[in-house]
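Start at 1 and go down the list; that is how both ligands and their atoms are numbered.
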Amino acid sequence: MKECQYYGICGGCSPQSSLEIKIKNASELLKIQDFEVFSLESRSFRARCELGIFHDSLENLHYTMRSNKDFIKIENCINLLPSIQETLPKLLFVLNQKEWRDFSFKLFALEALATQNKEILLTFIYHKPLKEEWKNKALALKNTLSSLLPFTFHIIGRSRGVKLALEQDFVIEKLEILGKEYFYRYDEGAFTQPNPKINEKMIEWILNNIEKSKGDLLEMYCGCGNFTIPLSQKFSQVLATEISKASIQAAKFATEANKVSNIRFVRLSGDECIEAIKRLREFKRLKGICLDDFNFQSVLVDPPRAGLGSKVCEFLSQFKKIIYISCNVASLKEDLEILQKTHKIHKFAFFDQFPNTNHIESGVILHKI
Ligand SMILES: C[S@@+](CC[C@H](N)C(=O)[O-])C[C@H]1O[C@@H](n2cnc3c(N)ncnc32)[C@H](O)[C@@H]1O
């Protein structure tokens, strides 16, 4: 990573983040010796970014990253997908023209979310109220960027409590998994995997390491259906749950786009999912779904960084197979201590989802003892 002039300064990457060190630290912490490692490009891999916007005394805009308490001006980030890297300087060039002063006034952050098929969603975040007229200028910006770059742009404006979108607030991602194409809707503001190529590898790894089952799958923290859609071919039926409304809508879109008919997506938090499965509480959101029709033998969890916690882990102990995807080895360690009382690790893999940082993604498949 020495080729990046901001390495160690901008706060995006971390020194001492070589894959060897990460794997050594993580495998020692988790006390595992038998694992696979998946690692791809260490640059041009990241599909999303959040940048600050600094206005200098001449009213020119600059991109910034927050490093500790300071803001560091940056011009590029070599971790980002090429389409975002190409867009950033052109966008800044346009916005620094006098006629864009109104549009940029009180702009304080920019988010970009790109797909592998070169759609880019740009979200402009302001410290000023946004009015409908903003959309006219946003449309002009979309047209200008489209004339300069071979990408499809979608533009969103955000200010406190207001979100204005031109036509759509999502992009369509295409993943290639074991030679088959899958389509997903990635909504602005909802979780999506940041590294599309490693994401494909994670899904393939699960598919390659689970057998086709006559039983059903319960999924918690399913997001936009990232794992659910390809994995559904391995099970009779799937019930997939998630807290975010936008993600559940995106997941329902994915069932249609991929012509899958054996999945039911329901908006339920982790705790609500447990209450529903244990029949402790009835949910209107489960209307039309008969839980007695499911024969859950496997469960898939991909929780946020905090991990599962003891309540969810204890709930998982009833399943024959547990597939656990984790973005935080510290919380995974705590959860595995509970899960290994009833289950044995069958397969383990590390995925370098976040190159140049100290983070690593893990995949664990556990079988009931
Ligand atoms: C690491 S993401 C994984 C999403 C999905 N598996 C994927 O690969 O895109 C974690 C997901 O958990 C959801 N989530 C966060 N807190 C939750 C909770 N308490 N109950 C259920 N889902 C939650 C988030 O909205 C997010 O979609």
### Backbone of Thr123 reached by a side-chain donor or acceptor of Glu111 within 3.5 Å
no
List, for ligand 1, each N/O atom that has a protein N/O partner under 3.5 Å away, with both atom names and the distance.
| unit_1 | atom_1 | unit_2 | atom_2 | d |
| --- | --- | --- | --- | --- |
| ligand 1 | 6 (N) | Tyr221 | O | 3.1 |
| ligand 1 | 6 (N) | Asp302 | OD2 | 2.9 |
| ligand 1 | 8 (O) | Gln193 | NE2 | 2.7 |
| ligand 1 | 8 (O) | Asn226 | ND2 | 2.9 |
| ligand 1 | 8 (O) | Asp302 | OD2 | 3.3 |
| ligand 1 | 20 (N) | Gly270 | N | 2.8 |
| ligand 1 | 22 (N) | Ile243 | N | 3.3 |
| ligand 1 | 25 (O) | Glu242 | OE2 | 2.6 |
| ligand 1 | 27 (O) | Glu242 | OE1 | 2.7 |
| ligand 1 | 27 (O) | Glu242 | OE2 | 3.3 |

### Message
Centroid separation under 6.0 Å, is that true for the rings of Phe38 and Phe351?
### Response
yes
### Residue among Ile177, Val238, Ile206 satisfying side chain to side chain contact (heavy atoms under 4.5 Å, CB included) with Leu231
Ile206
### Message
Parallel, tilted or perpendicular, judged at 30° and 60°: which one describes the rings of Trp134 and Phe103?
### Response
parallel
#### Entry: Ring geometry between His346 and His367 (parallel below 30°, tilted from 30 to 60°, perpendicular above 60°)
parallel
### Task
Give me the ring orientation class for Phe294 and Phe296: parallel if the planes are under 30° apart, tilted from 30 to 60°, perpendicular past 60°.
parallel
